2 protein chains.
Amino acid sequence: MEPKENGNQLGRVMEGPTNPMVTPLLNDLYQFTMAYAYWKAGKQNERSVFDLYFRKNPFGGEYTVFAGLDECIKFLASFKLTHQEIDYVRDSLPGSEEAFCDYLRGLDCSDVEVYAIPEGSVVFPKVPLMRVEGPVGVVQLLETPFLNLVNFASLVATNAARHRFVAGKSKSLLEFGARRAQGPDGAISASKYCYLGGFDATSNVAAGKLFGIPLRGTHSHAFVSSFMSTDEIVDKVLKSADGKTTCDDFASLVQTWLTKIQYSPSLRGFFSETNQSELVAFISYALAFPKAFLALVDTYDVMKSGVPNFCAVALALNDLGYKALGIRLDSGDLAYLSTEARRFFCAVERELKVPGFGKMVVTASNDLNEETIDALNKQGHEVDAFGIGTYLVTCYAQAALGCVFKLVEINTQPRIKLSEDVTKVSIPCKKRSYRLYGKEGYPLVDIMTGENEPPPKVGERLLCRHPFNESKRAYVVPQRVEELLKCYWRGSSDEAREELPPLKEIRDRCIKQLENMRPDHMRRLNPTPYKVSVSAKLYDFIHFLWLNEAPVGELQ
Amino acid sequence: MEPKENGNQLGRVMEGPTNPMVTPLLNDLYQFTMAYAYWKAGKQNERSVFDLYFRKNPFGGEYTVFAGLDECIKFLASFKLTHQEIDYVRDSLPGSEEAFCDYLRGLDCSDVEVYAIPEGSVVFPKVPLMRVEGPVGVVQLLETPFLNLVNFASLVATNAARHRFVAGKSKSLLEFGARRAQGPDGAISASKYCYLGGFDATSNVAAGKLFGIPLRGTHSHAFVSSFMSTDEIVDKVLKSADGKTTCDDFASLVQTWLTKIQYSPSLRGFFSETNQSELVAFISYALAFPKAFLALVDTYDVMKSGVPNFCAVALALNDLGYKALGIRLDSGDLAYLSTEARRFFCAVERELKVPGFGKMVVTASNDLNEETIDALNKQGHEVDAFGIGTYLVTCYAQAALGCVFKLVEINTQPRIKLSEDVTKVSIPCKKRSYRLYGKEGYPLVDIMTGENEPPPKVGERLLCRHPFNESKRAYVVPQRVEELLKCYWRGSSDEAREELPPLKEIRDRCIKQLENMRPDHMRRLNPTPYKVSVSAKLYDFIHFLWLNEAPVGELQ
C-alpha cells in the first residue's frame with residue numbers, strides 16, 4: 001500500500017481516515033465504469049445532489065444513532081487517486097481511453113459540498129443523514145466509501161445505545177468484542193462507535209490508543225490454568241499501599257485469610273477446599289496489580305473456589321491498604337452467581353468487619369446481549385458491569401443497516417427513483433430538513449421541504465404529510481425548530497463550516513439526544529414510530545414527478 | 001499510525017498483514033495485563049501450547065472453511081512493538097514497572113512455532129485449526145489478533161462456500177458487499193475470503209488490486225436517472241469492432257432497432273413506449289463500453305422499458321460487430337423477470353435472426369442469500385450470475401464464529417479448561433490430528449491423539465472415541481491417513497516450513513476439498529455431522545485430568 005498523504009490543499013489541514021485502507025479504491029467497480037461513461041458523455045461535471053439515508057430503523061426499534069461522518073469528511077479531505085491506483089483503474093475498464101487517466105489525476109473534492117446531521121444525533125428513516133453535492137463524476141465515487149463508513153458505524157452505535165438503554169445508566173458497559181468482530185477494523189470501529197453510543201470502556205488497546213477510549217481488562221482462564229502450585233511464586237514480597245510497611249510473604253497472608261474465611265461461622269457453609277492453582281494465580285495477579293486486583297472466578301467453580309479465593313486475596317490486600325476491585329463471571333447462571341457472590345461479600349463485610357467489602361464490583365461477560373440483560377433485570381441480579389462482545393460488535397441481531405445513496409437532482413432537475421416497492425421510492429429534490437419540537441421539549445416530527453421553501457416557524461401551524469401515504473398528515477405548531485443539515489465540507493471555499501468535534505463530544509451529544517427522546521419511541525417492545533414527513537408542497541411535487549416517470553401499464 | 005516495517009529478521013522476508021491496523025495493539029488489554037503478571041512472576045518464558053479451534057459449525061451446517069492463516073503468519077512475522085506502542089501499554093497498566101518495557105521491547109516471535117491446517121481446508125469443531133507453541137508471555141499476545149484474523153475469515157469463506165453450494169457450479173457468483181460490510185476491511189476481507197470460498201469475482205476495486213480478484217460492475221440506477229434526453233449525447237460516433245467502419249449516429253441506429261422490435265409480430269405484445277431517458281443512458285453506456293455492454297434494466301420497468309431498450313442497443317452493437325454481455329435485475333420477482341427476459345431474448349434471436357442473442361447473460365442482485373437462491377431454484381429461473389452483497393459479507397444469518405484459543409499445556413504439563421457446559425470443556429495436551437479416509441475416498445473421521453502416540457496406519461483398525469461421550473465410539477480402518485497440522489512458523493529456525501500459497505491456490509484447495517466431502521455432510525437441510533474423535537489413550541487422559549481438577553460437590 002502506498003503511503004497516503006494526510007490532509008489536503010483545500011482549506012484547513014485534516015488527517016486522513018483512521019484506516020489507511022480507506023482510499024478511493026474502496027469502491028465498487030461500477031462507480032468507475034460510470035465515471036468513465038459520464039466522462040465519455042461529457043457529463044462528468046454536471047452538478048448533482050445525492051441523499052444518503054436509510055429506510056428502516058435496525059433491531060426492531062424506532063431510532064438510529066448517526067455515526068461515521070467524521071471518517072467520511074476525513075476521506076473527502078484526502079481524496080486523491082495515486083498514479084498506481086489510476087493505472088489499476090484504467091486496466092480494469094475494458095477499452096478505456098488514456099485521456100480518462102488525466103481526468104482521474106485531476107480529481108479531488110474541491111468542488112464538493114457535504115451537508116450532514118451532526119454525528120451522534122438520533123436520526124430516522126428517509127431523512128437524509130448527508131446531502132452530497134458536486135460534479136456527478138466525483139460524487140459518484142463517494143457513494144461506496146461513504147456508505148461503507150456510515151452503515152456499520154451507525155448500526156453498531158445504535159446497538160450500543162440499545163444495550164445502554166436496557167442496562168440502565170448506573171451500570172458500567174464494557175466492549176469486549178475484538179476477537180469476534182468482523183475483521184481488524186470491524187473490531188476497531190466497533191470499539192469507537194460503541195463508545196460513541198454510550199459504552200464506558202473497551203478492551204481493545206488499539207482503539208484506546210487511537211481514540212482515547214478508557215481501557216479495561218484483567219486476565220483470562222488461561223492465566224489461571226497456567227499456574228500449578230505455590231512454589232511458582234518466587235517473589236512473595238508486597239509493600240503496603242502507603243509504602244511504609246512490607247509484607248514478606250503475601251502468599252502466607254492470603255492463606256491465613258483463607259483459613260479465617262473457612263472457619264468463619266457464616267461463611268464456612270459455602271465451600272470446603274478451594275482450587276490451589278487458582279489461588280496461586282490470584283496471588284500472582286495481585287502481586288502484579290495490587291492497586292487493581294480484579295479476578296476471573298469461574299475457572300473451576302465460582303462459589304466453591306473462585307469467590308473464596310478472591311476474598312482471601314482481597315482481604316490480604318486490604319491489610320496492606322489496597323482496595324481490590326472485584327470479580328468477573330464468565331459462565332453459568334449470572335443472576336444466581338452474582339447474587340450469591342454479593343451475599344458472600346456482604347457476609348465477609350459483616351463477619352470479618354471490613355467496611356465496604358460488600359460493594360465489590362461484579363462484572364459479567366458471557367455471551368451477553370439486549371435480551372439476556374433484560375432477562376437478568378427481570379430475574380434480579382447483582383452485576384455492576386457488563387462486558388459485551390460478540391452480539392454487540394457484530395450486531396448479531398441485525399448485521400447490516402441498509403443506508404442508500406440516491407440521486408435527487410442533476411443540473412437543477414429533480415430526479416426520483418421509482419420502485420414497485422413503495423418504501424424504496426426515493427424522495428426527489430435538493431431538500432432541507434427540520435426537527436420540530438413540542439411543548440414538553442421532545443422532538444415531535446422531522447419534516448423535509450424543498451430547498452427554497454420558507455423554513456417552519458416557531459408558533460406557526462404547519463401541515464406535515466407522510467411522503468407516500470395520502471391519508472397520513474397532521475398539523476404541528478412547533479415550539480422550537482432545528483435545521484438538521486449543517487455544512488461539513490464546502491470544497492475549496494473559505495466560507496465557514498462545522499468543526500468535527502472530538503469523539504468524547506460526539507458521545508456526549510448522543511447520550512443527551514437519546515435522553516431527550518419521548519420514552520415511548522425508545523422502549524424495547526412495540527415502540528411508537530417517530531414521525532417523518534414532507535411539506536405539502538414537496539408532497540405534491542413528489543407525486544407529480546412520480547406520475548410523470550412511471551410507465552402506464554396495459555392490462556392484457 | 002506509525003509506519004510498520006515489513007518482514008522480520010527471522011528467516012525469510014515476509015510482508016506484513018494486509019491491513020496496517022493489524023499491530024500487536026489489536027489486542028485485548030488483558031493480554032498485556034497477563035503478560036505483565038507472567039513477567040512479574042518470572043513465568044513469561046514458560047513454554048506453552050495453545051489450540052485455536054471452534055466449537056460449532058456456523059449457519060446450521062456441518063462444515064467450515066478455514067481461512068485467515070496467511071494473515072496470521074504475516075502478523076507473526078512482523079510482530080514487534082514500537083516505542084510509542086510500548087509507552088502506551090505502560091501507561092495503560094496501573095503501577096507497572098519500567099523494566100517491563102524492556103521486556104516488551106525485546107519481544108518477537110523468534111521462539112514461537114505455529115502448526116496449522118492448510119488454509120482453505122474443510123474443518124470441523126474441536127479439531128485445532130492452529131497449534132501455537134512458545135513462551136507464554138508472547139503467545140498470550142497472539143490470542144486476540146489470531147482470533148480476530150481467523151474468526152471472520154473462516155465465517156465468510158464458509159458463507160461463500162454455502163452460497164456456491166446452493167447456486168451450483170455453473171453460475172457466476174459475484175460479491176457486491178462493499179457498501180454494507182462491517183467497515184472498510186469488513187469489505188476488503190469479505191471480498192478476499194468470498195473469493196477463497198468459491199466466488200468468481202468482486203465489485204470491490206481495492207480487493208481486486210490487493211489480491212488479484214477479478215472485478216465486475218456496470219452501472220447503477222443513478223446513472224440511468226442522470227440522463228434526461230437524447231440531446232445529451234454529444235458524440236454519437238462509434239467505430240465497428242474491427243475498426244473498419246464507423247457509425248456516425250449510433251443513437252439513430254439504436255432507435256431504428258427499437259422501432260423494429262416494437263413492430264415485430266412476436267415482440268410487440270410485450271411493451272408500448274419505453275422510457276427515453278433510460279434509452280439515452282444505455283446508449284451512452286454502450287458508447288463508453290461497446291465491448292462490455294451490460295445494462296441495469298429495472299430503473300423504470302423491466303419488461304416494458306428496460307429489456308426492450310437494452311435489446312435495441314444490443315442489436316445496434318451487433319450491427320457493428322460487438323456482442324453485448326447482458327442485463328442486471330435488481331428488484332422485483334427475479335424468477336419471473338429472468339424467465340420473461342430470457343423469453344424476450346429468444347424471441348429476438350428467432351424473429352430478428354441474431355444467433356446467440358437468446359444466451360444473453362442475466363445477472364440478479366437484489367438482497368440475495370442462500371434461502372432466496374434456493375427458492376429461485378425451486379421456482380425455476382433464468383439467472384446466470386448472482387450478485388450478492390449484504391447477506392454474504394456481513395454473514396447476516398450468523399454474524400460470528402466462536403473460535404477460541406485455549407491453553408492445553410504449559411511446562412510440559414497438560415492443562416484442561418473445565419466448564420459446567422460440557423461442550424466448553426477443552427481437550428488438553430499437545431496433540432496431533434489426522435483425517436482418516438474411507439474406501440470411497442471420502443474423509444470419514446478426524447482423530448486427535450497425544451503428541452507422542454504412533455500415528456494411525458493405513459489398513460490398521462483403530463478405535464475412535466467421542467471426546468466427551470463415553471458411549472460414542474467406532475472402529476475405523478483408514479484407507480488413507482492425512483496429518484492435519486503442518487508447520488507454518490518455526491521461529492528463527494532454518495528448518496523447512498510450509499509456504500504460504502497465493503490466494504488462487506488456496507481457493508483451488510478449498511473448492512477441491514468441498515467437492516471431496518460425502519454429500520450428506522454438505523446438504524442444506526439436516527446434514528449428517530462429520531465425526532470428530534480422540535484416540536482411546538487421549539480419551540482416558542482427558543477424563544483422568546477432568547476428575548483431578550473438578551471440585552467435588554457437597555449436597556446440602
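The structure displayed is predicted, hence computed values, not measured ones. Proteins come first, then strands; the chains are lettered A, B, ... in the order of their sequence lines, and each starts at number 1.
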Task: Side chain / backbone / both / neither for A/Asp235 at chain B, heavy atoms under 4.5 Å - done: neither

TODO: Flag the one option from B/Lys424, B/Arg180, B/Glu97 with the top tally of heavy-atom pairs under 4.5 Å to chain A.
DONE: B/Arg180

- [ ] Test side-chain hydrogen bond (donor to acceptor under 3.5 Å, both in side chains) on B/Thr299 and B/Glu278 and set out the steps.
- [x] CA-CA 8 Å; B/Thr299 305; B/Glu278 180 182 61; 4.6 Å; no

Open item on the list: Is B/Tyr88 in contact with chain A via its backbone, its side chain, both, or neither, using a 4.5 Å heavy-atom distance?
Closed with: side chain

Task: Under 4.5 Å from any heavy atom of chain B - which part of A/Glu71 - done: neither

Open item on the list: Quick check on the interface: out of A/Asn19, A/Leu215, A/Ile410, who has the most heavy-atom pairs with chain B under 4.5 Å?
Closed with: A/Asn19

Task: Contact winner vs chain B - A/Gln140, A/His219, A/Lys40, A/Glu409, heavy-atom pairs under 4.5 Å - done: A/His219

Open item on the list: Report which part of B/Thr202 has an atom under 4.5 Å of a heavy atom belonging to chain A: side chain, backbone, both, or neither.
Closed with: neither

Open item on the list: As an exercise: rank B/Ala37, B/Pro184, B/Gly402 by heavy-atom pairs under 4.5 Å with chain A and give me the winner.
Closed with: B/Pro184

TODO: Please determine, among B/Val404, B/Leu407, B/Thr218, B/Asn204, the option with the most heavy-atom pairs under 4.5 Å with chain A.
DONE: B/Thr218

Open item on the list: Between B/Val139 and B/Phe405, is there a side-chain heavy-atom distance shorter than 4.5 Å?
Closed with: yes

Open item on the list: Looking at chain B, which one of A/Gly332, A/Ser331, A/Pro94, A/Ser48 has the largest number of heavy-atom pairs inside 4.5 Å, strictly under?
Closed with: A/Pro94

Task: Test ring pair (Phe, Tyr, Trp, His ring centres under 6.0 Å) applied to A/Tyr36 - qualifying residues, sequence neighbours left out - done: A/Trp39, A/Phe100, B/Phe289

- [ ] Please examine the side chains of B/Asn411 and A/Met228, heavy atoms only from C-beta on, and report whether any two atoms are closer than 4.5 Å.
- [x] no

Open item on the list: Under a 4.5 Å cutoff for heavy-atom pairs, which residue among A/Gln413, A/Arg415, A/Lys417 has the most contacts with chain B?
Closed with: A/Arg415

Open item on the list: Going by side chain to side chain contact (heavy atoms under 4.5 Å, CB included), B/Leu26 matches just one of A/Asp185, A/Val205, A/Ile188. Which one?
Closed with: A/Ile188

TODO: Answer whether the closest heavy-atom distance between the side chains of B/Ser225 and B/Tyr300 falls below 4.5 Å.
DONE: yes

TODO: Would you mind reporting whether B/Thr394 and A/Thr394 have side-chain heavy atoms less than 4.5 Å apart?
DONE: no

Task: Part of B/Val393 lying under 4.5 Å from any heavy atom of chain A - done: backbone

TODO: Measure B/His221 against the heavy atoms of chain A and call it side chain, backbone, both or neither at under 4.5 Å.
DONE: side chain

Task: Selection from B/Gly177, B/Gly68, B/Ser226, B/Gly42 maximising heavy-atom pairs under 4.5 Å formed with chain A - done: B/Ser226

Task: Option in B/Pro214, B/Ser426, B/Ala281, B/Gly208 with maximal non-hydrogen atom pairs under 4.5 Å from chain A - done: B/Gly208

Open item on the list: So which residue, B/Glu46, B/Gln398, B/Lys406, ends up with the most heavy-atom pairs under 4.5 Å with chain A?
Closed with: B/Gln398

TODO: Please look at B/Asn151 and chain A and tell me whether the side chain, the backbone, both or neither of the residue comes under 4.5 angstrom of a heavy atom of that chain.
DONE: side chain

Open item on the list: Out of A/Gln182, A/Arg216, A/Lys43, A/Glu232, return the one with the most heavy atom pairs under 4.5 angstrom to chain B.
Closed with: A/Gln182

- [ ] Would you mind reporting whether B/Phe32 and B/Ser92 have side-chain heavy atoms less than 4.5 Å apart?
- [x] no

Open item on the list: Quick check on B/Phe227 against chain A: is it the side chain, the backbone, both or neither that has a heavy atom closer than 4.5 Å?
Closed with: both

Open item on the list: For B/Tyr38, which atoms come within 4.5 Å of any heavy atom of chain A: side chain, backbone, both, or neither?
Closed with: both

Task: Side-chain heavy-atom pair A/Gln84, B/Lys209 within 4.5 angstrom cut-off - done: yes

Task: Check: B/Pro20 and A/Met21 side chains under 4.5 Å, non-hydrogen atoms - done: yes

Task: Evaluation steps, salt bridge (charged side-chain N to carboxylate O under 4.0 Å, His left out), between A/Glu143 and B/Arg179 - done: CA-CA 8 Å; A/Glu143 174 174 8; B/Arg179 65 188 57 198; 2.9 Å; yes

Open item on the list: So for A/Ser96, is it side chain, backbone, both, or neither that comes closer than 4.5 Å to the heavy atoms of chain B?
Closed with: neither

Open item on the list: Could you tell me if the side chain of B/Tyr30 sits less than 4.5 Å from the side chain of A/Ser203, heavy atoms only?
Closed with: no

Open item on the list: Whether the B/Asn27 and B/Thr144 side chains hold a donor-acceptor pair (N or O, under 3.5 Å, no angle test) is what I'd like checked.
Closed with: yes

Task: Proximal component of B/Ala292, with respect to chain A [non-hydrogen, under 4.5 Å] - done: side chain

